[in-house]
Amino acid sequence: MGFAAGSGNKMTSFFGSAFWFLVLCCLAFLQSGDGFYLPGSYPHEYPVGEVLSVKVNSLTSIETELPFSYYSLPFCHPQEGIKDSAENLGELLMGDRIENSPYQFKMFTNDSEVFVCRTNPLSAEDFSLLKKRIDEMYQVNVILENLPAIRYTRRDDFVLRWTGYPIGVRADNSYYVFNHLKFTVLVHKYEETDVARVVGTTGDAADVIQIADKSRSGKVGWIVVGFEVVPCSVLHNLEKTKNLKMYDKYPAKIQCDPTTVAMKVNENQPIAFTYEVAFVESDIKWPSRWDAYLKMEGAKVHWFSILNSLMVIAFLAGIVLVILLRTVRRDLTRYEELDKEAQAQMNEELSGWKLVVGDVFRAPSHPMLLCVMVGDGVQILGMAVVTIFFAALGFMSPASRGTLVTGMLFFYLILGIAAGYVAVRMWKTIKGGNHSGWIAVSWRVACFFPGIAFLILTTLNFLLWGSHSTGAIPISLFIVLLLLWFCISLPLTLAGGFIGAKASHIEFPVRTNQIPREIPPQKYPSWLLVIGAGTLPFGTLFIELFFIMSSLWMGRVYYVFGFLLIVLILLIVVCAEVSLVLTYMHLCVEDWKWWWKSFFSSGSVAIYIFLYSINYLVFDLKSLSGPVSASLYLGYSLFMVTAVMLATGTIGFISSFCFVHYLFSSVKLD
């Protein structure tokens, strides 16, 4: 048996081609981005007196994780009726239901004692629902100019920041509702000539363009750079509100004291809602207006801890790589230095990985499933890398609500072409150049992970529908997602498979024997080692995972995408090295069934992520109430770890495939 000398170039071209597919997709996106608008990226100036409209988002609670519509409770409705204000697909998928509200301001015009409405007497159903939502600690989320209202509370010597405000509180077995809102709007003076200084920051433009003199006659307006709210519970005189219309002046002075509550909720009694607003000129510039949200208590990244973890993992991974390279290189060098006679004698005394030379490229069990999972893993990994890369550049900041999910969906659909190409070419390689069945492989790639996602999300959606939550995906959106899959992802996957079928297969450097070699009995089960290998990749993740979980389930803002990109790159390196080392260890004990083990040695990190998710549920989400909420949490966690398993498993398999191909291409055995 001999080793083919030029097969390494074909293998390189295989994975190189897959890489260029990713690059071309990114370039296509950038090419189409000349007129791309990022929500929240450009300032909107208002002249004094222009109307500012406040919007409301879904009611949320960390107690249940079930969002509900703002108007599911007996709150005031706007005069023009309720209108949806969702900007993109990502908002709907995240359960955001942004709607107009009755709260309206006039730019730089302070107003107080503004009457909003008096509700109908609370029915038994409304009264019961309002008490339930107060017990479940639901928060009202109001938005002005894409800025969520921020609330400050003082505890001891600390000032805590929160987004939104609670519906009400329970005190002495009575329920009180916050029916008066004290808004503060921070505004910054804006001149048209400042646009170039704010936006034109590429190259040397910022140094060339001068700020205009304020005395010049340019367009002057005000931009919103902050939005704060103080909720109060005020006992209104309901008799005085009988004849008041919306935005009339309440006939008495309202004292807003957030430390006391007075508006008790009673059945068959109406509730009167009022508000006041004050405008404050601020030095905060437009690019810095999100700083207050990104510095919220509990959302600060522990930089030292994460950096320390990354350094330890990088150091450990470096040691593993050095040991491996030295061991393999010494083995190969010692063999090459022998003369032909000594080589022939050594061939008779082969041990370790050289003994499996006739079986190492024997087709694995269930080869089509392996190709399908690797193809889907390439698609998911490519989506994660490209999405986090653009998020790190600021294209998908928290200010652009829903853009992150929309971007992930877009990149996933486009990268179907890479998934089909990799899966079919791997299938053709395993079959020795025979590309028959490539259509079946492509179809399975297009349906495997989306099918799992559809099954999980549909089951969870039935739970959400049963709870009347806004987190449920509407039927119309389900149809849109199916059309996106059928019209974009499926054709691109088939196109990638067609290209993979036409491409040349990777030639194995050795021939495979007709009779498989018997694998010697092992001291320890090999799968035990494979499952244990996931601990090392998990070590690169677990600190960052806490902040990601807090962002998903605790309503905190996640924004350190630059650091997440570094963690992702390090995770890829560690997964590749762990899988490579375990594959070498299996070959050394004459275990030639490395294909699936290389996939799951790095993919097993998903097991530890799921166990961490359960730990997070038990110890960090202790207040999570109800079987529906727990089922939602576990369902979404299962969906997440499935994607992680496919992505990390693909990294391990590709790295092991390259290593095994290189290893058996480096020695000539006759």
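Just so you know, these numbers use all the heavy atoms, side chains as well, and skip hydrogens, waters and symmetry mates. Just so it is clear, the structure is predicted and the values come from calculations on it, not from any experiment.
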Partners passing side-chain hydrogen bond (donor to acceptor under 3.5 Å, both in side chains) against [X] (at least two apart in sequence or in another chain):
X	result
Ser656	Ser579, Thr583
Asn461	none
Ser637	none

Open item on the list: Can you confirm if the aromatic rings of Phe389 and Phe395 lie within a centre distance of less than 6.0 Å?
Closed with: no
Task: Any side-chain heavy-atom pair of Phe454 and Leu482 under 4.5 Å - done: yes
Partner residues of [X] under the ring pair (Phe, Tyr, Trp, His ring centres under 6.0 Å) criterion, sequence neighbours left out:
X	result
Trp596	Phe600
Phe449	Phe639
Phe361	Phe508
Phe448	none

Task: Trp594 side-chain N/O to Leu587 backbone N/O, donor-acceptor pair under 3.5 Å - done: no
- [ ] May I ask you to decide if Ser504's main-chain N or O and His435's side chain share a donor-acceptor pair within less than 3.5 Å?
- [x] no
Name every donor-acceptor pair, under 3.5 Å, that has one atom in a side chain of residues 494-501 and the other anywhere in the protein, sequence neighbours excluded.
none

Open item on the list: For a side-chain contact (heavy atoms from CB on, under 4.5 Å) check, start with the C-alpha distance between Trp592 and His586, then their side-chain angles and the critical distance, and finish with the verdict.
Closed with: CA-CA 7 Å; Trp592 47 267; His586 284 118; over 6 Å; no
TODO: Flag yes if more than 12 heavy atoms outside Ile515 fall under 6.0 Å of its CD1 atom; otherwise flag no.
DONE: no
- [ ] Check the pair Tyr616 / Phe610 against ring pair (Phe, Tyr, Trp, His ring centres under 6.0 Å), numbers first and verdict last.
- [x] CA-CA 10 Å; Tyr616 190 86; Phe610 189 71; over 10 Å; no
Open item on the list: So, using salt bridge (Lys or Arg N to Asp or Glu O under 4.0 Å) as the criterion, who are the partners of Lys597 when residues are at least two apart?
Closed with: Asp591
Task: side-chain contact (heavy atoms from CB on, under 4.5 Å) involving Tyr608 - partner list, sequence neighbours excluded - done: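 Once residues adjacent in sequence are excluded, the partners of Tyr608 under the side-chain contact (heavy atoms from CB on, under 4.5 Å) criterion are Ile531, Thr535, Phe538.
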Name each donor-acceptor pair under 3.5 Å that joins a side chain in residues 565-574 to protein atoms two or more places apart or in another chain, with its distance.
none

Open item on the list: Considering only residues two or more places apart or on different chains, which pairs with a residue in residues 632-642 satisfy salt bridge (Lys or Arg N to Asp or Glu O under 4.0 Å)?
Closed with: none
